[in-house]
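Reviewing the structure listed below.
Keep in mind that what you see is a predicted model, and the values were worked out from it rather than measured. Order of the sequence lines fixes the chain letters, A, B, ..., with proteins taken first and strands second; residue numbering starts at 1 for each chain.
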Amino acid sequence: MSDAFRVHSRRDGQFAVISTEGYINNLAGDKIVEEFNTFVSQDVKHFVLNLEKTQLVNSIGVSILIEVIEKVQEIGGTLSFCRLAPIIAKTFKIMGLTQYATVFETEEDALAAK
Amino acid sequence: MTIPKKVCLQIPMLPDMELAATKTAEEVARFMQFATDSIDEIKMALIEGIINAFEHSKSSDKTVYIQFDMQDEELEVTIQDYGTGFDASQKNSIQLFQKRGYGRALMEALMDDVKYFTSPNGTKVVMKKRRH
Ligand SMILES: Nc1ncnc2c1ncn2[C@@H]1O[C@H](COP(=O)(O)OP(=O)(O)O)[C@@H](O)[C@H]1O
Ligand SMILES: [Mg+2]
């Protein structure tokens, strides 16, 4: 549909910043995992997910993000989120993501952490 | 004569078509002067209800029927499929890191009331959101 999903990423020091654009459904979730795996194979352990350009998600897409959090824990890394729309922050809270991933207001805050 | 305040939609079971319904939900809720956060909660609950019909209903007409009923103090959203139904009394609460099974819990958390009417002839979910 109009809301075609896109993902962009870059390295910033020890972090990989993955930014999404559009609706996070199951296919979008898989694209995020692909991006994440590419960085893991380059030994990156710390991730920031910037959802500034995502307004809507569904629970299938978000449950794939939970798998990402699990993998980050396995490799002893960190994952944080930033720029969450209020409804997405609320959804993450209900689904339990906020117990294992920190939510920051801005990307700068997320990168300044730790 | 009083105008019946109902908006009806038919959504084909095609990828991302739930987004078409969220556009209508947005306009209906805005017409009713819901707050932005409430509008987003309605849209999210609607997405979950529709993708459940897409994914689980096994309906042969491959269509989801949605109705927005604008009442004085609340919006009632009905999501109907003509699939095979399920046992709606088997509800699970969210366990940390579970793989799937968040949709119904989300709908209940985001709406003021969610009821299931389900039989081997299909499922109707009726959700309500008060304007507050
Ligand atoms: N419209 C429907 N038709 C048939 N089964 C449904 C419908 N809605 C929900 N269900 C059943 O309820 C279960 C729980 O739904 P949900 O909480 O959204 O989790 P998930 O969709 O991830 O399985 C589904 O797995 C399915 O068995
Ligand atoms: Mg579901």
Side-chain angles (χ1 to χ4, degrees), chain A residues 1-7 20-33 51-75 77 79 81 83-103, chain B residues 9 11-26 29-30 34-56 64 79 91-112 114 125 127 129:
Chain A
M1 267 191 54
S2 54
D3 214 3
F5 180 79
R6 270 194 289 264
V7 58
T20 63
E21 191 176 335
Y23 180 42
I24 301 186
N25 58 11
N26 54 325
L27 298 174
D30 290 341
K31 280 195 191 169
I32 294 168
V33 170
L51 269 59
E52 182 177 9
K53 293 187 174 140
T54 287
Q55 307 306 325
L56 288 171
V57 297
N58 72 31
S59 65
I60 310 176
V62 177
S63 66
I64 297 172
L65 298 182
I66 294 178
E67 291 175 36
V68 173
I69 295 176
E70 281 183 297
K71 284 189 199 144
V72 164
Q73 291 191 337
E74 279 169 31
I75 61 171
L79 176 97
F81 293 102
R83 295 278 183 202
L84 299 185
I87 183 61
I88 296 177
K90 188 162 191 176
T91 298
F92 281 11
K93 189 152 190 240
I94 297 167
M95 291 179 65
L97 276 75
T98 45
Q99 300 192 39
Y100 288 98
T102 320
V103 177
Chain B
L9 258 189
I11 301 286
M13 294 186 172
L14 293 171
D16 289 357
M17 266 294 135
E18 64 275 20
L19 296 181
T22 65
K23 306 268 187 214
T24 305
E26 172 141 16
R30 192 165 293 174
F34 270 91
T36 309
D37 283 358
S38 298
I39 295 175
D40 288 342
E41 288 164 13
I42 293 165
K43 285 161 71 177
M44 182 73 202
L46 182 62
I47 286 175
E48 293 301 322
I50 295 172
I51 64 174
N52 273 351
F54 283 11
E55 199 180 13
H56 306 299
V64 182
I79 305 163
K91 254 202 295 198
N92 66 310
S93 55
I94 290 177
Q95 310 291 320
L96 229 39
F97 287 162
Q98 72 189 39
K99 292 281 175 264
R100 290 291 307 271
Y102 294 98
R104 289 184 64 190
L106 272 170
M107 290 156 77
E108 280 177 16
L110 298 171
M111 300 296 277
D112 291 310
V114 182
V125 188
M127 319 190 286
K129 186 80 166 172

Once rounded to the nearest 0.5 Å, what's the spacing between atom NZ of K90(A) and atom CG of D40(B)? 10.5 Å
Partners meeting ring pair (Phe, Tyr, Trp, His ring centres under 6.0 Å) with F34(B) (sequence neighbours left out): none
Which bit of L14(B) comes within less than 4.5 Å of chain A, counting heavy atoms only: side chain, backbone, both or neither? neither
Measuring heavy-atom distances to chain B, does I69(A) have an atom under 4.5 Å in its side chain, in its backbone, in both, or in neither? side chain
Could you give the distance from CD (E41(B)) to CD1 (I87(A)), rounded to the nearest 0.5 Å? 5.0 Å
Select all residues of residues 24-31 of chain A having any heavy atom within less than 4.5 Å of some heavy atom of chain B, and report them by number, or 'none'. N25(A)
With a 3.5 Å cut-off and sequence neighbours excluded, list the donor-acceptor pairs that the side chains of residues 93-101 of chain A form with protein atoms.
none

Tell me, side chain or backbone of T36(B) under 4.5 Å from chain A's heavy atoms, or both, or neither? neither
What pairs meet the salt bridge (charged side-chain N to carboxylate O under 4.0 Å, His left out) rule with one or both residues in residues 93-104 of chain B, with sequence neighbours excluded? E70(A)-K99(B), E55(B)-R100(B)
Taking side chain as C-beta onward, heavy atoms only, is L56(A) less than 4.5 Å from L19(B)? yes
pair I66(A)-Y102(B): side-chain heavy atoms closer than 4.5 Å: yes
Honestly, the part of V57(A) sitting under 4.5 Å from a heavy atom of chain B is both
Gap between atom CZ of F5(A) and atom CG of D16(B) - 0.5 Å precision: 11.5 Å
Max heavy-atom pairs within cutoff under 4.5 Å with chain A, candidates I47(B), I51(B), I94(B), goes to I47(B)
Examine whether an atom of E48(B) lies under 4.5 Å from a heavy atom of chain A, and if so say whether it belongs to the side chain, the backbone or both; otherwise answer neither. side chain
